[in-house]
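Worksheet: one structure, shown below.
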Amino acid sequence: MSTSSTHQVYIGLWKDRPVVIKCGIEDPVNIDGVPDTLPRPEMSLFDKPTRGTSMDEFKEMLHSFLKANLGEQPSLSVLVDRVITLADVNQDGKVSLAEAKSIWALLHINEFLLMVALQEKEHTPKLLGFCGDLYVTERVIHSSLYRLEVPHYLKAVIPEALSSSLNHWLAPSWPRRARITIGLLEFVEEVFHGSYGSFLICDASPHHVGYNAKYDCKMANLNSVASEAMVRAFLKGRRCENNADCIYGRDCTATCDRLVKQCNTEVVQPNLAKVCMLLQDYLLFGAPSDLRGDLEKQLRTCVTLSGLASQMEVHHSLVLNNLKTLMWKKISNTQYS
C-alpha cells in the first residue's frame, strides 16, 4: 500500500480480522519540514534504552520524551504507565530490554505516538499489536471520504470537474454522509484540549478521513495530525521572510514577524475551519432542500474561524455544536442514526 522504501504498509488478515501492517521507522521531520527518506542503520533504531537501565530511569526517559512531544500535561504520568503496560507484551509484569527497546523505537513514529495518546477516542483506529518496528492497526474499510482518487500523474489530463462529479455520484447517500460528518466533528472535539494536550490537523485532506461499514468516521491516517507542542517547538525561533516560511506539514501555517524575521508560534487556522472547508464540498451536494440554506450559512461562518484569539474557543464550540445539531435533527429517529 506504500511507495516509500523506508515505510512499508500492507493490508492483510490477522486472527480473521482485516488489518493494516506498517513497518519501517520514518525519521522525524527534518529542518525543512520534510521527513528524511534515507534509511537509518537498523542498529540505531534500537540503541535505547541501554543494558543496565533501571525501570525508574526508563520511566523518566519516557516522561521527558512525552513532555517534549506533547507538552507539559498534568496527566503525563498516566500516559507513562499506559506505555509501560503496552510494552509488557508477554504480560509477565516486567519489561525486558527487548520490549523496552521496541516501544522506545515505536514511540518515535508520530502515528504510533498519537494512537497511544488517543487510544480511548472513538474515531482513532485501534492499535492491535507490535513487534520491533512493525505495528498492526485495525483496517478502516473506506480509507477516504471519496471513492475515486485520481493519481497525480493523471491530474493534468482528467478535468477536476469530471473527477468531482464522479465522486459525487459514487458517494454515500446524504444521511450517511451526515453521520460520517458528525463523527468527524466529534474527532475535532476529541483532539482539542484532550487529556494529553491539543492536536492540530496539518493536512486536512479527504484522503486522511475514512469510515467503517456502519458509516462511523475513523481517521484513516494520523500522520497528518501533530501535537500543538510539536508544532510550536518547530516554529519557535524559526527564521522567515514571509508566512510561507512558517508552515508545519502541509497547512499548519503561522504568521511571520517581519521585524524580527521570526515565525510566531500560534497557528492561524484552527482544525474546525479546515474541516469545514472539506465539508463544503462533501456535505452540500444532495443536501435536503429545507436544510441547505442553513447548512451553507453555518459552513460559511465556520471556514472563517481564526485560531489566533484564545477567547474564540467558546465561539468555536458554538459553531461546532450548531452544525452537529442541525444534522442530527435531520437524521435522528431514522435508520441512519
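Everything quoted here is computed from the prediction, not taken from an experiment.
- The closest side-chain heavy-atom distance from Leu86 to Leu127 is below 4.5 Å.
- Within the 4.5 Å cutoff, the side chain of Leu299 has no heavy atoms near those of the Val303 side chain.
- Side-chain N or O atoms of Arg82 include one that pairs as donor or acceptor with a backbone N or O of Val116 at under 3.5 Å.
- A side-chain donor from one of Asp281 and His168 sits under 3.5 Å from a side-chain acceptor of the other.
- Hydrophobic clustering of Ile, Leu, Val, Met, Phe, Trp and Tyr side chains at less than 4.5 Å, counting indirect connections, unites Met1 with Val20.
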Exercise for the section: Check step by step if side chain to side chain contact (heavy atoms under 4.5 Å, CB included) holds for Phe58 and Ile84. Expected result: CA-CA 9 Å; Phe58 184 48; Ile84 294 290; 3.9 Å; yes
Exercise for the section: For Met219 and Val209, run side chain to side chain contact (heavy atoms under 4.5 Å, CB included): C-alpha distance rounded to whole Å, both residues' side-chain angles, the deciding distance at 0.1 Å, then the answer. Expected result: CA-CA 5 Å; Met219 295 304 288; Val209 184; 4.2 Å; yes
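- Ile11 and Tyr135 fall into different hydrophobic clusters, where Ile, Leu, Val, Met, Phe, Trp and Tyr side chains are chained together by heavy-atom contacts under 4.5 Å.
- Summarising the geometry of Lys236 relative to Thr265, their closest heavy-atom pair is CA-CG2, 3.7 Å, with the distance given to 0.1 Å.
- Using a 30° and 60° split on the angle between ring planes, Tyr211 and His142 fall in the parallel class, below 30°.
- The two residues Lys218 and Glu122 have their closest heavy-atom pair at NZ-O, 3.0 Å.
- Here Leu166 contributes atom CG and Tyr146 contributes atom OH; the two are 13.0 Å apart, rounded to the nearest 0.5 Å.
- Formation of a donor-acceptor pair under 3.5 Å by the Asn242 side chain with backbone atoms of Cys256 is not found in this model.
- Interatomic distance, Leu235 CG to Gln262 CD, rounded to the nearest 0.5 Å: 11.0 Å.
- Between the Trp174 side chain and the Leu283 main chain, a donor and an acceptor come within less than 3.5 Å of each other.
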Problem - Check against disulfide (SG to SG under 2.5 Å), Cys246 and Cys263 - result: CA-CA 6 Å; Cys246 302; Cys263 295; 2.1 Å; yes
Handout entry: Stepwise side chain to side chain contact (heavy atoms under 4.5 Å, CB included) check, Tyr248 with Arg232
Key = CA-CA 9 Å; Tyr248 181 97; Arg232 282 178 180 268; over 6 Å; no
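- A side-chain donor-acceptor contact under 3.5 Å links Asn271 to the backbone of Phe199.
- The main-chain N or O of Asn212 is never found under 3.5 Å from a side-chain atom of Asp216 such that the two would form a donor-acceptor pair.
- Relative orientation of the Phe112 and Phe130 rings is perpendicular, given thresholds of 30° and 60° on the angle between their planes.
- With Glu228 contributing its side chain and Gly197 its backbone, the two residues share no donor-acceptor pair below 3.5 Å.
- Residues Tyr10 and Trp14 share a single hydrophobic cluster, defined by chaining ILVMFWY side chains whose heavy atoms lie under 4.5 Å apart.
- Two different hydrophobic clusters hold Phe285 and Tyr215 under the rule that ILVMFWY side chains link at heavy-atom gaps under 4.5 Å.
- Looking at Ser64, its side chain does come within 3.5 Å of a backbone N or O of Glu60 through a donor-acceptor pair.
- Considering all non-hydrogen atoms of both residues, Ser195 and Glu120 come closest at OG-OE2, 4.3 Å.
- Looking only at side-chain heavy atoms (C-beta outward), Arg17 and Leu128 come within less than 4.5 Å of each other.
- With hydrogens and angles ignored, the 3.5 Å screen pairs a side-chain donor or acceptor of Thr53 with a backbone N or O of Thr50.
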Exercise for the section: Verify side chain to side chain contact (heavy atoms under 4.5 Å, CB included) between Asn221 and Glu111, making sure each step is shown before the conclusion. Expected result: CA-CA 8 Å; Asn221 186 344; Glu111 184 178 50; 4.0 Å; yes
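- Nearest heavy atom pair, residue Pro49 against residue Ala100, reads CG-CB, 3.7 Å.
- Annotation: side chain of Tyr196 is not in contact with side chain of Ser227 (no heavy-atom distance under 4.5 Å).
- Contact check for Gln119 versus Thr124: no side-chain heavy atoms found under the 4.5 Å cut-off.
- The two residues Arg176 and Pro172 make their nearest non-hydrogen contact at CB-CB, 3.9 Å.
- To the nearest 0.5 angstrom, Leu66 atom CG is 6.5 Å from Leu107 atom CG.
- A continuous path of Ile, Leu, Val, Met, Phe, Trp and Tyr side chains, each step under 4.5 Å between heavy atoms, connects Val191 with Leu320, placing both in one hydrophobic cluster.
- Side chain of Lys330 to backbone of Ala178: no donor-acceptor contact under 3.5 angstrom is found.
- In this structure, Phe65 and His108 have tilted ring planes: the angle between them lies in the 30° to 60° band.
- Interatomic distance, CG of Leu295 versus CG of Asn322, reported as 11.5 Å (0.5 Å rounding).
- When side chains are defined from C-beta on, Leu70 counts as touching Leu79, because their heavy atoms get closer than 4.5 Å.
- For the atom pair Leu76 CG and Leu62 CG, the distance stands at 11.0 Å (nearest 0.5 Å).
- None of Met230, Gln269, Lys274 except one satisfies the side chain to side chain contact (heavy atoms under 4.5 Å, CB included) rule with Cys252; the exception is Lys274.
- Annotation: side chain of Glu266 is not in contact with side chain of Asn264 (no heavy-atom distance under 4.5 Å).
- In this structure, Gln298 CD and Leu279 CG are separated by 12.0 Å, a value rounded to the nearest 0.5 Å.
- With a 6.0 Å radius and a threshold of 12 heavy atoms from other residues, nucleotides or ligands, Met61 has its CE atom above the threshold.
- Between Lys94 and Asp88 the shortest heavy-atom distance is O-OD1, 3.0 Å.
- Within the 4.5 Å cutoff, the side chain of Ile331 has heavy atoms near those of the Arg179 side chain.
- Looking at Arg250, its side chain never comes within 3.5 Å of a backbone N or O of Ser224 through a donor-acceptor pair.
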